Number of protein chains: 2
Amino acid sequence: MCTFVDMSPKSSASLKGGTNPKISEATVSRLPAYFRALSQLADAQQIRVSSEELAALTGVSSAMLRKDLSHLGSYGTRGVGYDVEFLRYQISREMGLNHDWSVVIVGVGNLGRALAHYGGFGSRGFRVVALVDADQTLIGTKVKCGAEGKTVELLVHALSDLEEVIKETNARLGVVATPEQSAQAVCDRLVKAGIRSVLNFAPVYLTVPEGVDVRKVDLASELQILAFHEQRKAV
Amino acid sequence: MCTFVDMSPKSSASLKGGTNPKISEATVSRLPAYFRALSQLADAQQIRVSSEELAALTGVSSAMLRKDLSHLGSYGTRGVGYDVEFLRYQISREMGLNHDWSVVIVGVGNLGRALAHYGGFGSRGFRVVALVDADQTLIGTKVKCGAEGKTVELLVHALSDLEEVIKETNARLGVVATPEQSAQAVCDRLVKAGIRSVLNFAPVYLTVPEGVDVRKVDLASELQILAFHEQRKAV
DNA sequence: GACGATTTGTGCTTTTTTGCACAAATGTGT
DNA sequence: ACACATTTGTGCAAAAAAGCACAAATCGTC
């Protein structure tokens, strides 16, 4: 959608074109936060931002922020700071968010439905294109997707049609929001159908072949980690 | 609830009693996974487990697992492995899961409701004791909490009653599931009401005073990280 | 056009985390 | 009682991440 050709304040600068050879995992995990903060600033019409300010908005140190950004390229101006729109665009390009990613959600229970409704996706480069579930009473029903703005109604497809649905919608990202028991089987089928990036909400470790990425979000784990620290405070 | 006195296979062993002085953050972040896997094994009646097996179930190397566990104490038996129930209990004790933690959820939208329904909490040391929202049309309504087994209906309280609700329910953990715009204000009030551990689902960095822990779960960020790697694969 | 105030980008150091390899401890079988 | 097969616990090395401090670059002003 974005068709930037040159929105750089210094178009002849030595920009590292294309994707960068090696960005550390720690840096990658922080890029989304930078991207979000920059989007916020852009919405608020702010033109420039310093590393100090952006760092405060994302909870990292300014030095770390600068080092992270330096891995993408030299996009700031000494004595001035960073151009909000420009930096935002560079990060989005680096992360592949300049085009939309199609997402298939497997498991349309409470969590799956909440994910489908989640407004943050659309505005951040993702589009839920398919819903799949094994529950006969859900299959064929329609579920609203996306938050205010543009909501779309999506049909819930049968789990048995998973491969076909993925092929038709060209989904690249799979979300597993099924019960623990079926998560691994669902994941196997996603992989078989060509999905190589999986976001797992089921509380199990998913085994996948090499070349497939899995990220896990475990609500209980997060609370347990908090509980651990909370317990320490009591002493 | 648990009133273990001695379930150790070697009761006279030199157990490091109480909480341990220093466990690295990386280790803490993995303990929930070990705990979950051990619970699974216990459900399946398995008595013993080797570091190799438990590591495979949680996606870490066996060496790392052993080192992690060694920070809690020497709970294994060389040549044999670990006693499933015993190790599970030791981890739960170390993490403070031998008693329930009361959780207040602020924001009863799709996500908040999904969290309330989430079955994983009850079985892992947490109990949702209060729901709070600012939406007049939701206040006073009842929401089912907990999954199959024992569900409880909870009244949605007004945001203005937040402090009172926390006091009455004695909640220690706060979950922020509000829109981005109100997250910081809600967090401030949680902290003022005495909450020192916050789980944040809103896509903003929350600023809190020292001594308060915040953990963030950002669905869009996780997908973006996946997208980043996915893009790399294409090349 | 030079000066001072900023703010980035980065070399270097310190800390944290991971990985390796093996001695120490346990159970088994003879 | 002893040799042997396991499997843990851990010292040490390597790698990754975070933090510090400052030189280099830029802007505004005189």
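Only a predicted model underlies this, so the values are computations on that prediction, with no experimental measurement involved. In the text below, chain A, chain B and the rest are named by the order of the sequence lines, each starting its count at 1.
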All N/O contacts under 3.5 Å from nucleotides 12-14 of chain D to the protein, with atom names and distances to one decimal?
unit_1	atom_1	unit_2	atom_2	d
D:dC12	N4	B:Lys67	NZ	3.3

>> Checking contacts here: which listed nucleotide (C:dG9, C:dT18, C:dA21) is nearest the side-chain heavy atoms of B:Ala63?
In response: C:dA21
> Rounded to the nearest Å, what distance is computed from the CG atom of residue A:Leu87 to the P atom of nucleotide C:dT7?
Replying inline: 16 Å
> Taking only side-chain nitrogens and oxygens of A:Tyr82, does any of them come within less than 4.0 Å of OP1 or OP2 of C:dG9?
Replying inline: yes
>> Rounded to whole Å, please give me the gap between CG in B:Leu65 and C1' in D:dT10.
In response: 14 Å
> With a non-hydrogen cut-off below 4.0 angstrom, is A:Ser24 in contact with a base, only sugar-phosphate, or nothing?
Replying inline: sugar-phosphate
Using a cutoff of under 3.5 Å, can you pull out all pairs of nitrogen or oxygen atoms linking the protein to nucleotides 25-30 of chain C, with atom names and distances?
unit_1	atom_1	unit_2	atom_2	d
C:dT26	O4'	B:Arg78	O	3.4

> Can a salt bridge be assigned to the pair B:Arg88 and B:Asp83 using a cut-off of 4.0 Å between side-chain N and carboxylate O?
Replying inline: no
>> If you assign each of A:Glu25 and A:Arg66 to its closest nucleotide in DNA chain D, which residue comes earlier from the 5' end?
In response: A:Glu25
> Given atom CG of A:Leu72 and atom C1' of C:dG9, what is their separation to the nearest angstrom?
Replying inline: 13 Å
>> Counting only side-chain nitrogens and oxygens, does B:Ser51 get under 4.0 Å of the OP1 or OP2 atom of D:dT7?
In response: no
> Minimum heavy-atom separation for A:Asp218 to A:Pro203, with atom names?
Replying inline: OD2-CB, 3.8 Å
>> Nearest whole Å is fine: how far is D:dT6 C1' from B:Glu53 CD?
In response: 15 Å
> Rounded to the nearest 0.5 Å, what separation is found between the CG atom of A:Asp100 and the CZ atom of A:Arg127?
Replying inline: 5.0 Å
> Start at the 5' end of DNA chain D and walk down; is the nucleotide closest to B:Ser50 or to A:Thr27 reached first?
Replying inline: B:Ser50
> Between D:dT8 atom C1' and B:Gln90 atom CD, what is the distance in whole Å?
Replying inline: 16 Å
>> Assess the residue pair A:Phe86 and A:Tyr75 against the criterion (ring pair (Phe, Tyr, Trp, His ring centres under 6.0 Å)); give the C-alpha distance rounded to whole Å, side-chain angles, the decisive distance to 0.1 Å, and a yes or no.
In response: CA-CA 8 Å; A:Phe86 180 62; A:Tyr75 296 142; 5.5 Å; yes
>> Considering every strand and a 4.0 Å limit on heavy-atom distances, what is the contact class for B:Ser62: base, sugar-phosphate, or nothing?
In response: nothing
> Taking atom CD of A:Gln46 and atom CG of A:Leu54, what is their separation to the nearest 0.5 Å?
Replying inline: 9.5 Å
> Does the pair B:Glu210/B:Arg196 count as a salt bridge with the N-to-O cut at 4.0 Å?
Replying inline: no
>> What is the distance, to the nearest angstrom, from the CZ atom on B:Arg30 to the C1' atom on C:dG19?
In response: 12 Å
>> Distance check needed: D:dA17 P versus A:Lys22 NZ, whole Å only.
In response: 11 Å
> Thinking salt bridges, do B:Arg172 and A:Glu230 make one under a 4.0 Å N-O criterion?
Replying inline: yes
> Mind checking whether B:His99 and B:Trp101 have parallel, tilted or perpendicular rings, split at 30° and 60°?
Replying inline: tilted
> Going through the distances and angles, do B:His229 and A:Glu25 end up as a side-chain hydrogen bond (donor to acceptor under 3.5 Å, both in side chains)?
Replying inline: CA-CA 10 Å; B:His229 292 297; A:Glu25 201 50 41; 3.0 Å; yes
> Is there a donor in the side chain of A:Asp68 and an acceptor in the side chain of A:Tyr34, or the other way round, less than 3.5 Å apart?
Replying inline: yes
>> What is the distance, to the nearest angstrom, from the CD atom on B:Glu52 to the C1' atom on C:dA21?
In response: 14 Å
